[in-house]
Amino acid sequence: MPTAESAVSNSQSDAMQLPRTSESPSLKKIRHTASHVMAMAVQRLFPKAQVTIGPWTEYGFYYDFENPEPFTEQDLKAIKKEMAKLIKQKLPVIREEVSREEAQQRIHKINEPYKLEILEDIEEDPITIYHLGEQWWDLCAGPHVENTGDLNPKAVDLESVAGAYWRGDENRAQLQRIYGTAWETPEQLAEYKRRKEEALKRDHRKLGKELGLFIFSDEVGSGLPLWTPKGTILRSTLEEFLKQEQLKRSYQPVVTPHIARVDLFKTSGHWQKYQEDMFPLMSEDEQAAAAEQGFVLKPMNCPFHIQIYKNELRSYRDLPIRMAEFGTVYRYEQSGELGGLTRVRGFTVDDSHLFVTPEQLDEEFLSVVDLILSVFSSLQLKNFKARLSFRDPAEADKYLGSEEAWNKAEGAIRRAVDKLGINYFEGIGEAAFYGPKLDFIFQDALEREWQLGTVQVDYNLPERFDLEYVDEDGSRKRPVMIHRAPFGSLERLIGILIEEYVGDFPLWLAPVQARFLPVSDAQLGFAKQVAMQMQAQGIRAEVDTSGERLGKQIRNAEKQKIPVMAVVGAQEVEGNSLSIRTRASGELGSMPTAEVSEKMKDAIANYANF
RNA sequence: GCUGGUGUAGCUCAGCGGUAGAGCAGCGGUUUUGUAAACCGCCGGUCGCAGGUUCAAAUCCUGUCACCAGCUCCA
């Protein structure tokens with residue numbers, strides 16, 4: 001029986017193209033039609049079901065239904081069967097143009113109010129309707145295949161059911177969304193499923209467990225990762241790396257507590273605009289609770305750094321001041337939003353707040369972006385997008401501050417990206433409540449998007465905290481703040497890194513850099529001795545003391561993705577050498593122990609591999 | 001928070017009304033081993049938790065907690 005691994009190495013399947021819908025006119029038609037066939041099948045089996053929207057996605061399609069009972073996975077099977085029947089009937093797909101009034105009348109006739117709402121949003125006239133045979137139709141822009149018989153029922157599958165809010169609004173009805181996928185051939189479908197399973201193997205939750213990097217404990221609580229010794233090496237190596245980069249750029253480390261009086265967050269505006277994301281108030285007694293007094297866990301570090309700024313009268317000569325802290329924050333994320341390391345309730349931000357004069361803003365902003373891009377480059381992270389995260393004017397109550405402050409801040413960000421010439425897109429409504437951001441977005445193994453690095457321009461908190469500096473002429477001026485975090489959070493970064501590297505960390509980050517594998521117990525002493533010498537030089541080396549045969553030791557080291565394996569047999573002890581095998585290049589043969597140490601130190605210092 | 005799904009040994013999973021199983025890991029022994037799995041034995045589970053139905057519950061029902069996919073929301 002072929003294993004999953006042999007399927008991967010099958011060159012034929014590797015070569016198979018699986019275009020995204022947006023890249024393939026024929027898949028666009030197939031998936032459009034498949035979604036209509038699904039909707040028709042659903043309405044035949046569940047006559048009370050109402051059809052709402054049903055677009056294609058990059059790898060399939062979905063349709064949202066209103067139905068008295070939620071669909072179960074059992075229902076999915078029945079729906080799939082019904083779809084096969086409809087495909088077999090070779091129903092012609094007929095496009096019809098009707099007037100707006102005609103469309104309204106027809107919708108009234110079948111009593112589907114959601115469609116009326118959809119109709120209102122369609123701007124172009126006439127309205128296009130697509131029929132499947134004579135019994136079913138929906139509003140649709142198309143395009144479609146000509147006949148349901150053009151679909152291959154063996155290349156269509158229904159994947160999952162999920163609740164989805166009508167119009168994406170959690171205050172409106174929750175509909176039942178059915179996700180499906182459709183391809184030209186059954187082979188493509190099989191390949192698609194295989195690749196989904198492959199992606200699961202890269203999942204940081206799975207790799208994190210296998211490599212022993214972090215755990216979650218039900219007793220500690222959800223969204224609260226615990227870092228094992230190996231994971232902690234990863235974290236602290238990353239921290240140290242960034243600390244060094246920041247020292248080179250005149251950042252000043254600070255340390256602040258995890259809780260503060262709620263008043264601090266009332267001044268900052270968090271209590272007013274961000275309370276939903278905060279853990280509840282800790283009050284000493286009921287009286288204090290009633291007066292809304294007590295302490296809260298910090299959801300952000302900025303108000304603390306602001307206090308340090310305010311502790312002294314600052315001169316224009318002092319600016320810019322760059323305060324940096326790996327600050328652990330706590331946010332009460334809704335339970336359904338938690339997942340692995342990419343969305344947690346307690347996480348450490350590689351935070352910094354820059355207090356600058358208005359004149360310094362542009363230059364400082366650019367230097368921050370430069371730092372962020374250089375950090376990504378050192379981590380070999382290439383696949384990211386830049387997003388200008390601006391406020392949504394339609395939801396003005398979500399944000400603090402004046403129109404003028406926001407316009408100035410957005411202007412600064414625009415000037416910066418234009419000057420840098422980086423590609424970006426705009427995310428309206430993605431701003432922080434106190435200011436707009438430039439965010440760097442990455443994808444995980446399942447192609448979900450996550451924000452890591454961020455730079456934010458803030459005119460509001462300086463105002464709320466009445467921050468000042470004394471300018472050349474002796475007058476008091478208001479500084480501007482830049483909030484920035486190249487990693488975003490250590491947790492999310494590590495989640496993304498694990499998936500990006502598929503667990504194969506570059507040497508400088510690998511929790512265990514070298515493992516000594518004695519061929520027999522006779523070499524154990526020598527192995528321990530050389531490992532200790534390496535440790536003394538700062539190399540993370542360990543010895544396999546299991547007493548297993550060499551083959552098994554290698555297998556275990558490979559599974560743990562340890563970059564350098566040093567085999568020690570009688571010959572090596574004799575010649576004070578090590579037989580080196582690396583994950584990257586396999587067997588490299590014997591070399592003197594001193595040479596191995598030097599090469600490793602060299603590679604580590606240069607973020608390179610052995 | 002909402003919808004659907006899943007919780008059985010440290011890990012991966014089988015069992016799905018009638019006395020809790022396998023492989024790996026761990027431990028002990030034999031073997032002293034040369035580049036991805038030596039052999040034998042042993043240990044290991046309030047079947048997520050709490051109620052209920054039943055002569056009998058891992059298995060059916062209810063609640064709850066956690067995880068997974070999606071929605072909403074975000075570093």
Side-chain angles (χ1 to χ4, degrees), chain A residues 62 64 67 69-76 159-179 200 203 205-206 209-210 212 215-219 221-223 274 276-277 299-300 329 331-345 347-351 389 429-430 432 437 439-442 446 448-454 483 485-493 495-496 517-524 546-559 565 567-572 579-581 583 586-590:
Chain A
Y62 65 82
D64 288 349
N67 195 49
E69 295 294 316
F71 300 120
T72 65
E73 293 197 351
Q74 286 304 310
D75 295 335
L76 244 48
E159 300 185 288
S160 61
V161 201
Y165 299 105
W166 172 236
R167 294 280 149 114
D169 184 344
E170 62 178 326
N171 298 312
R172 303 190 69 173
Q174 188 166 42
L175 308 172
Q176 299 296 315
R177 174 170 299 178
I178 300 178
Y179 282 94
L200 244 41
D203 193 308
R205 292 165 295 195
K206 185 177 162 64
K209 193 185 266 187
E210 286 169 3
I215 61 162
F216 287 93
S217 155
D218 284 3
E219 291 182 78
S222 53
Y274 205 70
E276 272 191 8
D277 296 87
M300 292 188 195
V329 298
R331 298 186 186 171
Y332 193 80
E333 306 291 350
Q334 297 190 74
S335 58
E337 293 162 347
L338 299 169
L341 292 179
T342 42
R343 196 76 186 274
V344 293
R345 281 179 171 161
F347 57 96
T348 301
V349 182
D350 56 326
D351 218 346
S389 301
E430 301 285 352
K437 314 187 285 175
D439 293 324
F440 294 89
I441 315 284
F442 292 75
L446 300 175
R448 293 179 293 207
E449 296 196 329
W450 300 101
Q451 177 196 323
L452 293 182
T454 180
H483 308 237
F487 294 163
S489 83
L490 240 2
E491 286 74 10
R492 187 175 280 178
L493 172 74
I496 296 292
L517 314 179
V519 173
S520 84
D521 286 353
Q523 291 85 42
L524 202 50
S546 67
E548 291 286 353
R549 286 169 154 72
L550 183 61
K552 182 65 169 289
Q553 292 185 54
I554 287 172
R555 179 180 157 81
N556 287 341
E558 290 280 356
K559 283 205 302 188
M565 287 157 268
V567 175
V568 184
Q571 290 168 39
E572 284 72 27
S579 174
I580 297 300
R581 175 190 170 107
R583 254 186 81 70
E587 278 186 68
L588 300 180
S590 276

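Letters A, B, ... are given to chains in the order of the sequence lines, protein chains preceding strands, and every chain is numbered from 1.
- Contact annotation for Arg581(A): base contact, defined as any heavy-atom pair under 4.0 Å involving a base atom.
- Taking the ring centre of Tyr332(A) as origin, the terminal cationic atom of Arg345(A) falls inside the region bounded by 6.0 Å and 45° from the ring axis.
- With centres under 5.5 Å and a plane angle under 30°, the ring of Phe347(A) is stacked against the base of A75(B).
- The pairing partner recorded for C55(B) is G18(B), the criterion being a Watson-Crick or G-U wobble arrangement whose two distances lie under 3.5 angstrom.
- Note on Gly168(A): only backbone sugar-phosphate atoms sit closer than 4.0 angstrom, heavy atoms only; bases stay farther off.
- Among the atoms of the strands shown, base atoms are found under 4.0 Å from some heavy atom of Gln571(A).
- Residue contacts shown for Glu337(A) include a base, since a base heavy atom lies under 4.0 Å away.
- The partner of C49(B) is G63(B), by the rule that a Watson-Crick or G-U pair needs both atom distances under 3.5 Å.
- Counting any heavy atom pair closer than 4.0 Å across all strands shown, Ala162(A) reaches a base atom.
- Residue Lys552(A) places at least one side-chain N or O closer than 4.0 Å to OP1 or OP2 of A25(B).
- If you check every strand for non-hydrogen atoms under 4.0 Å, Glu572(A) touches a base.
- Residue contacts shown for Tyr179(A) are limited to sugar-phosphate atoms, with no base heavy atom under 4.0 Å away.
- Gln451(A) has a side-chain polar atom (N or O) that falls below the 4.0 Å cut-off from OP1 or OP2 of A75(B).
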